[in-house]
Amino acid sequence: MDWLARMNRALDYIEMNLCGEIELSEVAMQACCSSYQFQRMFSFITNVSLSEYIRRRRLTLAAIDLQNSEDKVIDIAMKYGYESPVSFARAFQWLHGVNPAIARQEGIALKAYPRLSFLISIKGAEAMNYRIETKESFEVFGMERVFHTNVSDGELKTPAEFWQQSHANGEVERLAGNAGDLPGNVSGDLHKVHALCSYRKTEKDTFPYMICAFKSESSKTHGYSTITIPAYTWAIFSSDPFTWDQFDETIETMYQRFFSEWLPTAGYEQIDGLEFEIYGAKDNLNYLELWFAVRRIS
């Protein structure tokens, strides 16, 4: 229940600041996690991005103000964070289907997006394959990028784009060739290249991401970033076998079920958003493991 309380506390902060500036770092602090981690949890649980949720809530309240006050459109626009009547009208039209002036007429149909609350939903239709393991410290190496939760033009916006770029320029294939033998403490069915996220502290509203390989005695690490992962307890979730065309659906479902079904009820919390995507193959089919660094909630 502590997890639910923290998440709802973050929503309380958002609600109280819809007419002002909402600091993503403050939202995350209310939930006791990083900005990136909160935004990921939010989107997987609700199927809408945090920024879109905030936009919908503000435009819902703006519509109420238009219908129940004599305030000028420009004043209402400024109240909910829009710098001009034009940008406000464009956003309002997109959400409600009418411009702000028309919204004041009697009988006009508008949309309302109520405040969200996080609750435990009892589902249980499908089993989740997971195990809890404590692992000693190990090392990985590879190509690292630091991503911003609020991106600028010209930047790689997502880890998915990083993967696409690294496949296109041959870096993934080169890393696989330099990986060497797999360490003895991991399955021999694994591929050579994996992904690691949120493994060290970076600047505000950023997160580190690495396309990586396990380091072994035969690895060639020159020119790569090397990271030591301390000893942790991991919640490890395994997928059913799949073909590569099913990868996106498979990984999205696994993340969604971890954040919405397992984490709220398991008695564990994730440590600083640290997670590993491990890729493998067996019997001509692929499989995926998601490793989440966790600790018991005291």
Side-chain angles (χ1 to χ4, degrees), residues 1-14 24 27-54 56 113-135 149 158-160 194-199 207 209 232-243 246-280 285-298:
M1 296 301 292
D2 185 56
W3 182 91
L4 289 176
R6 295 199 304 265
M7 296 296 284
N8 282 312
R9 194 165 61 226
L11 290 182
D12 289 340
Y13 167 81
I14 291 171
L24 295 182
V27 176
M29 189 176 73
Q30 296 295 325
C32 301
C33 61
S34 71
S35 175
Y36 172 67
Q37 185 184 5
F38 181 82
Q39 290 182 72
R40 293 191 78 219
M41 286 193 294
F42 188 93
S43 62
F44 278 119
I45 293 170
T46 66
N47 289 316
V48 64
S49 69
L50 179 61
S51 60
E52 176 62 16
Y53 169 72
I54 292 171
R56 290 177 180 180
Y113 289 91
R115 179 201 188 279
L116 289 178
S117 294
F118 288 107
L119 303 170
I120 292 178
S121 177
I122 306 301
K123 296 180 180 179
E126 294 182 49
M128 299 181 71
N129 299 317
Y130 80 96
R131 62 190 188 273
I132 303 294
E133 291 187 9
T134 299
K135 294 184 178 292
T149 53
T158 65
H194 311 281
L196 182 66
C197 185
S198 298
Y199 44 86
F207 63 95
Y209 186 91
Y232 278 122
T233 297
W234 300 85
I236 301 176
F237 292 78
S238 302
S239 74
D240 292 327
F242 62 88
T243 56
Q246 299 171 307
F247 174 79
D248 289 344
E249 179 182 359
T250 298
I251 193 170
E252 183 174 339
T253 299
M254 291 177 70
Y255 273 119
Q256 187 173 44
R257 297 196 68 195
F258 170 76
F259 287 122
S260 65
E261 297 179 34
W262 191 85
L263 193 60
T265 59
Y268 286 88
E269 62 182 355
Q270 192 178 5
I271 300 175
D272 298 329
L274 175 59
E275 57 197 48
F276 226 141
E277 293 178 7
I278 303 293
Y279 315 117
L285 287 173
N286 304 289
Y287 71 87
L288 171 68
E289 289 188 348
L290 298 182
W291 296 13
F292 299 93
V294 296
R295 57 177 165 241
R296 284 194 177 275
I297 299 175
S298 58

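All values below come from the heavy atoms of this structure, side chains included, with hydrogens, waters and symmetry mates left out. Keep in mind it's a predicted model, so treat the numbers as computed, not measured.
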Side-chain (Ser198) to main-chain (Leu274) donor-acceptor, under 3.5 angstrom: no
Partners meeting salt bridge (charged side-chain N to carboxylate O under 4.0 Å, His left out) with Glu277 (sequence neighbours left out): none
Tyr279 and Phe247 aromatic ring geometry - parallel, tilted or perpendicular at 30°/60° bounds: perpendicular
Whether Phe258 and Phe237 hold their rings parallel, tilted or perpendicular, with breakpoints at 30° and 60°: perpendicular
Parallel, tilted or perpendicular, as decided by the 30° and 60° cut-offs, for the rings of Phe292 and Phe259: perpendicular
Residues in salt bridge (charged side-chain N to carboxylate O under 4.0 Å, His left out) contact with Arg9, at least two apart in sequence or another chain: none
No-hydrogen, no-angle side-chain donor-acceptor test under 3.5 Å, Gln246 and Asn286: no
Listed partners of Asp240 passing side chain to side chain donor-acceptor pair (under 3.5 Å), at least two apart: none
pair Arg295-Glu269: side-chain heavy atoms closer than 4.5 Å: yes
Validation row: Phe242, Leu285 side chains within 4.5 angstrom (heavy atoms): no
Those residues that, when tested against Arg296, pass salt bridge (charged side-chain N to carboxylate O under 4.0 Å, His left out) (two or more places apart): none
Counterpart residues, side chain to side chain contact (heavy atoms under 4.5 Å, CB included), relative to Glu289 (two or more places apart): Arg131, Ile236, Ser238, Ile278, Tyr287, Trp291
Side-chain donor or acceptor of Tyr53 paired with backbone N/O of Leu116 under 3.5 Å: yes
Contacts of Glu52 that satisfy salt bridge (charged side-chain N to carboxylate O under 4.0 Å, His left out) - sequence neighbours left out: Arg55, Arg56
Donor-acceptor side-chain pairing of Thr233 and Thr134 below 3.5 angstrom: yes
Under 3.5 Å side-chain donor-acceptor pair for Glu261 and Thr265: no
Ring geometry between Phe38 and Phe42 (parallel below 30°, tilted from 30 to 60°, perpendicular above 60°): tilted
